[in-house]
Amino acid sequence: MTVFVLTVDQRDSRTHDDLVPDAVVAHSGGLLPFERTAGDEMQAVYDDPAAVATVVEQLLRVGHWNIGVGIGTVEQPLPETARAGRGPAYLHARTAVTRAKNSPGRICAVGADDYRAGQLEGVLWLWAALLGRRSERGWAVADLVAEGLTHQAVGERLGISQSAVTQRARAAGLPEGDRARQLVRQLLEEMKED
């Protein structure tokens with residue numbers, strides 16, 4: 001069974017607050033939910049591409065993380081905790097998080113299929129760059145649009161005009177961000193089926 005192991009390492013943990021406890025609580029889903037593995041690092045195992053895309057987006061939004069996505073198999077049966085697992089997906093995630101420390105967007109993906117992993121990684125880098133430029137006002141619009149609100153309803157909620165919402169959505173790259181999320185999910189689904 002192909003799964004996705006996320007190994008995530010906090011950047012600048014010696015000079016910033018420990019973000020791992022809050023992140024572990026915030027991202028409690030998955031086959032094996034996030035848990036601290038050592039120091040400022042946490043790890044989780046997912047089998048759902050949509051869940052991986054959601055978690056990656058949330059981690060990119062916060063920043064402060066080096067994110068490694070490992071795609072592959074793990075030894076069965078699954079252990080009780082993420083840090084007790086073994087297999088190629090874990091090795092790929094370790095390689096990915098190490099590479100992420102010096103990569104665009106501080107995110108990398110590694111799998112058995114280098115070509116597909118490279119495609120995924122390219123989309124992740126572009127997505128990270130887009131989300132990294134999104135302002136707090138842009139995120140406020142994005143969050144409300146994600147709830148299903150129209151631009152008019154978002155404007156009413158934020159106390160701004162509908163055209164201001166449209167301008168903020170455009171500046172925040174909402175359509176591009178949605179497409180990037182869809183591509184990440186699609187690529188992960190394809191890699192899971194291989």
Side-chain angles (χ1 to χ4, degrees), residues 2-8 23 26-27 29-30 34 44-72 89 92-93 96-97 99-100 102-155 157-158 160-194:
T2 299
V3 297
F4 312 103
V5 175
L6 298 180
T7 300
V8 182
H27 309 295
F34 272 111
V45 179
Y46 288 84
D47 65 345
D48 179 11
V52 173
T54 297
V55 169
V56 165
E57 183 176 42
Q58 292 167 351
L59 292 169
L60 289 171
R61 178 177 182 166
V62 171
H64 302 293
W65 301 107
N66 297 309
I67 306 166
V69 181
I71 303 105
H92 294 321
V97 76
R99 283 187 14 209
N102 296 307
S103 295
R106 302 292 186 115
I107 185 166
C108 285
V110 176
D113 183 338
D114 289 339
Y115 179 75
R116 283 189 187 266
Q119 287 180 315
L120 173 62
E121 190 171 81
V123 174
L124 289 169
W125 288 355
L126 293 170
W127 194 22
L130 173 76
L131 296 178
R133 291 191 303 267
R134 189 173 284 176
S135 69
E136 285 303 316
R137 294 185 336 174
W139 276 111
V141 170
D143 291 342
L144 293 171
V145 168
E147 290 178 19
L149 275 66
T150 65
H151 281 200
Q152 181 177 348
V154 171
R157 180 87 61 93
L158 296 177
I160 59 177
S161 69
Q162 183 176 344
S163 65
V165 171
T166 300
Q167 289 173 358
R168 287 185 189 181
R170 187 177 302 122
L174 263 57
E176 297 89 340
D178 289 343
R179 183 64 179 134
R181 184 184 316 101
Q182 291 169 11
L183 281 171
V184 166
R185 182 178 176 178
Q186 178 183 345
L187 289 167
L188 289 169
E189 286 172 356
E190 290 172 3
M191 293 175 84
K192 185 176 179 178
E193 292 170 5
D194 288 346

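Just so you know, these numbers come straight off a predicted model, no measurement behind them. Below, each value reflects all heavy atoms present in this structure, side chains not excepted, and no hydrogens, waters or symmetry copies.
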Colleague: Show the nearest heavy-atom pair for residues Leu60 and Gly105, with the distance to one decimal.
Modeller: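 Smallest heavy-atom distance, with atoms named: CD2-O, 4.0 Å.
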Colleague: I'd like to know whether CZ of Arg116 has more than 12 heavy-atom contacts from other residues, nucleotides or ligands below 6.0 angstrom.
Modeller: yes
Colleague: Taking the side chain as every heavy atom from C-beta outward, state whether Val56 and Val184 have any pair of such atoms under 4.5 Å apart.
Modeller: no
Colleague: Does the Trp125 side chain pair with the main chain of Ile107, one donor and one acceptor, at a distance under 3.5 Å?
Modeller: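 A pair under 3.5 Å: yes.
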Colleague: In the structure I gave you, are the side-chain heavy atoms of Val110 and Val69 within less than 4.5 Å of one another anywhere?
Modeller: no
Colleague: So, Arg106 side chain and Trp65 main chain: donor-acceptor pair closer than 3.5 Å or not?
Modeller: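 No, Arg106 side chain to Trp65 backbone: no donor-acceptor pair under 3.5 Å.
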Colleague: Quick one: does Val97's side chain get under 4.5 Å of Val8's, heavy atoms only?
Modeller: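 When only atoms from C-beta onward are counted, Val8 and Val97 do not touch, as no gap falls below 4.5 Å.
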Colleague: Between Ala117 and Ala109, what is the shortest heavy-atom contact and its length?
Modeller: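 Minimum heavy-atom separation between Ala117 and Ala109: CB-O, 4.0 Å.
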Colleague: Report the distance from atom CE of Met191 to atom OG1 of Thr2, rounding to the nearest 0.5 Å.
Modeller: 9.0 Å
Colleague: His92 and Ala112: which non-hydrogen atoms are nearest, and at how many Å?
Modeller: NE2-N, 3.6 Å
Colleague: Does the side chain of Asp143 reach to within under 4.5 Å of the side chain of Arg61, using non-hydrogen atoms?
Modeller: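 Touching, per the 4.5 Å side-chain cut-off.
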Colleague: Calculate, to the nearest 0.5 Å, the distance between atoms CD and CD1 belonging to Glu190 and Ile71 respectively.
Modeller: 12.5 Å
Colleague: How many angstroms lie between atom CZ of Arg179 and atom CG of Leu130, to the nearest 0.5 angstrom?
Modeller: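 Arg179 CZ to Leu130 CG: 14.0 Å, rounded to 0.5 Å.
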Colleague: About how many Å separate NE2 of His151 and CD1 of Ile160, when rounded to the nearest 0.5 Å?
Modeller: 10.0 Å
Colleague: On a heavy-atom basis, which atom in Cys108 and which in Ser103 lie closest, and how many Å separate them?
Modeller: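 Residues Cys108 and Ser103, closest heavy atoms: SG-OG, 3.0 Å.
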Colleague: Could you grab the distance from atom CG of Leu124 to atom CG of Leu183, nearest 0.5 Å is fine?
Modeller: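 Those atoms lie 10.0 Å apart.
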Colleague: Hey, does Arg134 have a side-chain heavy atom less than 4.5 Å from the side chain of Leu174?
Modeller: yes
Colleague: For Gly138 and Ala172, work out which heavy atoms get closest and say how close.
Modeller: CA-CB, 3.8 Å
Colleague: I'd like to know if Glu189 pairs up with Arg185 as an ion pair, taking the criterion as any Lys NZ or Arg NE/NH1/NH2 lying under 4.0 Å from an Asp or Glu carboxylate oxygen.
Modeller: yes
Colleague: Please identify each residue that fulfils salt bridge (Lys or Arg N to Asp or Glu O under 4.0 Å) with Arg99, with sequence neighbours left out.
Modeller: Glu121
Colleague: How many angstroms lie between atom CH2 of Trp127 and atom CD of Gln182, to the nearest 0.5 angstrom?
Modeller: 10.5 Å
